[in-house]
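For the numbers below, each heavy atom of this structure counts, side chains included, while hydrogens, waters and symmetry mates do not. Note on naming: letters A, B, ... go to the chains in the order of the sequence lines (proteins, then strands), and numbering restarts at 1 for each one.
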Amino acid sequence: MPSWATGDPVDSLSEGLEALEAYKKKDPAKVIVRFKAVGNAPIMKQNFFKVTVSNRFQAVIQFLRKELGWKAGEPLFTYINLAFSPAPDDTVANLYRSFATEGHLIVNYSTTAAWG
Amino acid sequence: MSNYGTARHSPSSFSSPASTTLFRRLTWEGTVPLEIRVDSKELPANSNRGLECYFIQAPRVTYLPLLIPEIKRFLLDVVFDEEAARILKEEDWWFESEDGHLLKWHWPIGLIYDNHTTLASSRGGASMSSRPNAVPLRLILHLASPPTDKLLLAPSAEACKQAFMGQLKEADFLRWGNTKRMTGLRKAEQDGIWEGIKEHNFDDYWRVASKVTPTTTPARPSSPPPSAASVSLHTRPPSADPQGAPDRDGAYSVRSVPVRLYLPEGPVMQDLAPPLLEDGSPNTLSEFLSLHLPLLFPAPSSSSQTPRNLAYPLIQGVRAPPEAELAWLGACLAGADGWVNVCIGLLRDVQGR
């Protein structure tokens, strides 16, 4: 059976650590996030934003709350593609790669649980 | 783990219903050892010191908030006095690893364990390789001041359930481009799938999960009917089997397998993972890793014979072989939330232990 075995042990470990460092670097690229209100949620005048892909979804939620002037504790539910709530620690990069529609990551927001 | 790599000439011949059920059962029954110690600085007065450590063999598919009732029972029975028990608020509890990493409420425990294993592989010294297998993961339980901004979720079983359902739906969306299978479940079924996790009941979980998880049943009419023995092992209700029908729910019909790659200190990477390559051959773990982590898993080139991998993938605690097919992993080795979590560890010896 093929395995993941490698060559020189010392070399491979330091090379591996270098590779990990490279993957840890934050990607400065930006993508377009488009917010769409659902139900009774207030509509945003400007709803396209360029967001750095290394941001977590949690940061997107916080940004949206600020834009809407939402106070702490006021309920706001967020979804991707009218379908699901991603984990708050998932990155915009991951969500964009998997779920972008016509070059936008569509984030729906609602004051009540919609697709909980 | 060698019997499924042999028959891989066509996508539909790689797996029998019996082996699917076997691997789903193995995944479900997998457990990890945990050593949970209350932070000594937070032990209430009059605690029975020296006993504040609790050992548990926890299912890989469960979550930290679901362990709290059991831990609490132990602490109340053995460690705390009545006064301490009265003021104890479990909504303030949170966990840290021994080296000060916050442990996520919404990560399956198996993922927390595997991520810790691969993290150790990337740290200097002989930490992990000199220790015997299956050493307990040491967790510190804090009784106060949860860092809610970093935990991201309220530390409750209800918040954990919502996060779990969200992951199931995200996986559903990745596979089929919609969440019709998940939203088609009745409320009782949605609750039942979570009860299956809480009670760690394989049959309860799979009774519902089989409606959203792709099948590996060979769709060809020429394939032999499953033997009586494998039928009794097989928990999928007969009505859900696509006997004779086109393989609409098959593992190779999905748009993308829900896969995440966990590097030791981050990031977590996720991308579309089609079950078949453009030439129609099955997409394998090694193809996927070479594409997304080429520095660690260099792709074979015409000039060099064997590429030199610097890392290995750990799935459900198992070093998965390079030729493992993504579709098969998605149907058989996914966690209860539908995701194949691949933790990447660095190789530190020739054999790759």
Side-chain angles (χ1 to χ4, degrees), chain A residues 1-27 53-62 72-73 75 77-101 106 113-116, chain B residues 1-2 5 104 106-107 121-122 124 149 152-153 162-163 165-174 177-179 182-183 256 258 260 263-273 286 293-297 306 308-313 319-323 344-352:
Chain A
M1 182 161 82
S3 76
W4 305 96
T6 179
D8 182 0
V10 182
D11 250 27
S12 74
L13 184 60
S14 59
E15 260 185 73
L17 287 168
E18 262 175 52
L20 289 184
E21 282 306 312
Y23 289 128
K24 247 195 274 180
K25 286 211 178 82
K26 290 213 158 99
D27 186 348
V53 294
S54 58
N55 273 303
R56 291 175 166 205
F57 192 66
Q58 177 75 357
V60 175
I61 299 173
Q62 277 159 359
F77 299 85
T78 43
Y79 303 91
I80 300 289
N81 292 346
L82 299 174
F84 64 90
S85 294
D89 56 340
D90 211 349
T91 60
V92 171
N94 284 343
L95 294 170
Y96 185 84
R97 273 199 295 264
S98 299
F99 305 111
T101 315
I106 297 173
W115 299 275
Chain B
M1 295 283 297
S2 61
K104 299 221 168 94
H106 58 292
W107 278 21
S121 79
S122 73
D149 53 326
L152 302 167
L153 288 184
Q162 291 311 322
M165 298 310 287
Q167 288 303 299
L168 272 177
K169 282 179 190 156
E170 184 172 344
D172 207 29
F173 195 96
L174 263 177
N178 60 61
T179 50
M182 276 301 293
T183 51
S256 171
R260 289 198 180 108
L263 292 175
E265 289 178 64
V268 179
M269 295 162 98
Q270 172 187 331
D271 204 340
L272 294 179
S286 80
L293 299 171
L295 299 177
L296 293 170
F297 300 93
T306 323
R308 208 164 136 272
N309 290 315
L310 305 175
Y312 65 91
R319 284 195 186 202
E323 75 275 23
I344 305 297
L346 290 188
L347 287 169
R348 43 171 66 234
D349 52 35
V350 179
Q351 294 307 316

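In this structure, the portion of A:Leu95 lying under 4.5 Å from any heavy atom of chain B is its side chain and not its backbone. With a 4.5 angstrom heavy-atom cutoff, A:Ala87 touches chain B via backbone and side-chain atoms both. Heavy atoms closer than 4.5 Å to chain A are found nowhere in B:Leu168, neither backbone nor side chain. Looking at B:Ser286, both its backbone and its side chain come within 4.5 Å of chain A, counting heavy atoms on both sides. Interface residue B:Leu296: backbone and side-chain heavy atoms are both found under 4.5 Å from chain A. Using a 4.5 Å cut-off between heavy atoms, A:Tyr96 makes no contact with chain B at all.
Atom OH in A:Tyr79 sits 7.5 Å away from atom NZ in B:Lys169 (nearest 0.5 Å). How far CG of A:Leu20 is from OG of B:Ser121: 8.0 Å, rounded to the nearest 0.5 Å. Atom-to-atom distance recorded for A:Ile80:CD1 and B:Thr179:OG1 is 12.5 Å, nearest 0.5 angstrom. Taking CG of B:Leu295 as the reference point, atom CD of A:Glu21 lies at 12.0 Å (rounded to 0.5 Å).
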Please walk me through it: do B:Glu265 and A:Tyr23 pass side-chain contact (heavy atoms from CB on, under 4.5 Å)? CA-CA 10 Å; B:Glu265 289 178 64; A:Tyr23 289 128; over 6 Å; no
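Annotation for A:Lys24: atom NZ counts as buried by contact number, over 12 foreign heavy atoms lying within 6.0 Å.
Counting heavy-atom pairs closer than 4.5 Å to chain A, the top residue among B:Ile344, B:Leu293, B:Asp172 is B:Leu293. Note on A:Asp89, A:Asp90, A:Thr91: by heavy-atom pairs under 4.5 Å with chain B, the leading option is A:Asp89. In terms of heavy-atom pairs under 4.5 angstrom with chain B, the leader among A:Ser98, A:Ser54, A:Pro88 is A:Ser98. Between chain A and the options B:Pro267, B:Pro313, B:Ala273, heavy-atom pairs under 4.5 Å are most frequent for B:Pro313. The candidate from B:Pro264, B:Ala163, B:Gly266 with the greatest count of non-hydrogen atom pairs under 4.5 Å with chain A is B:Pro264.
The backbone N or O of B:Asp271 lies less than 3.5 Å from no partner atom in the side chain of A:Asn94, so there is not a single donor-acceptor pair. Side-chain atoms of A:Arg97 never come within 3.5 Å of backbone atoms of B:Leu272 as a donor-acceptor pair (strictly under, hydrogens ignored).
Of all non-hydrogen atoms in A:Ser12 and B:Leu347, the two that sit nearest each other are OG-O, 3.7 Å.
Remark: A:Phe77 pairs with no residue by the ring pair (Phe, Tyr, Trp, His ring centres under 6.0 Å) rule, at least two apart or across chains.
Taking the six-membered ring for Trp and thresholds of 30 and 60 degrees, A:Phe84 and B:Phe173 have ring planes inclined between 30 and 60 degrees apart.
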